[in-house]
Amino acid sequence: MVHSSDHEHKVRDFLRESLKDIMSVVKADCGSLLLFDDKTKELVLESFHNPGTSVVVDKVKFRVGEGISGKVMEQKAPVLVKDVDQDPRF
């Protein structure tokens with residue numbers, strides 16, 4: 001019998017490894033993966049990877065249209081941001 005926590009752990013591992021693979025393909029220094037929560041209508045951070053920091057990111061949520069991730073969801077189109085601090089769109 002598979003326990004819920006075992007399943008959740010496997011899903012989180014899968015998302016973390018998928019994010020690293022995506023980052024490698026697009027040559028990103030850091031990245032995040034958010035999933036849409038249909039109940040709350042929010043984007044929820046499920047995976048974050050930045051090899052240059054030891055920051056732990058948890059319980060981050062965005063509404064559609066809020067921040068980069070929310071804008072991506074709203075526009076239904078991918079966005080590659082090279083420098084979030086310098087990008088005038090955000």
Suppose the criterion is side-chain hydrogen bond (donor to acceptor under 3.5 Å, both in side chains): which pairs have a residue in residues 42-51, not counting sequence neighbours?
R12-E46, T40-E42

So how far is it from S5 OG to K10 NZ, rounded to the nearest 0.5 Å?
10.5 Å

Are M73 and V60 co-members of a hydrophobic cluster defined by side-chain heavy atoms under 4.5 Å apart?
yes

Taken to the nearest 0.5 Å, the spacing of S69 OG from K61 NZ works out to 14.5 Å

Do L45 and V64 sit in the same hydrophobic cluster, where Ile, Leu, Val, Met, Phe, Trp and Tyr count as joined when their side-chain heavy atoms come under 4.5 Å apart?
yes

How far apart are the C-alpha atoms of D13 and R16, what are their side-chain angles, what is the distance that settles it, and do they pass the salt bridge (charged side-chain N to carboxylate O under 4.0 Å, His left out) test?
CA-CA 5 Å; D13 285 347; R16 183 176 49 254; 2.2 Å; yes

Tell me, yes or no, whether the heavy-atom count around F14 atom CZ, taken from other residues, nucleotides or ligands under 6.0 Å, exceeds 12.
no

Taking atom CG of D37 as the centre, does the number of heavy atoms from other residues, nucleotides or ligands within less than 6.0 Å exceed 12?
yes

Can you tell if the side chain of L15 reaches within under 4.5 Å of the side chain of L19, non-hydrogen atoms only?
no

Are L43 and F48 linked, directly or through other ILVMFWY residues, by side chains that come within less than 4.5 angstrom of each other?
yes

Is there a side-chain contact between K20 and E17 in this structure, where contact means two heavy atoms from C-beta onward sitting under 4.5 Å apart?
yes

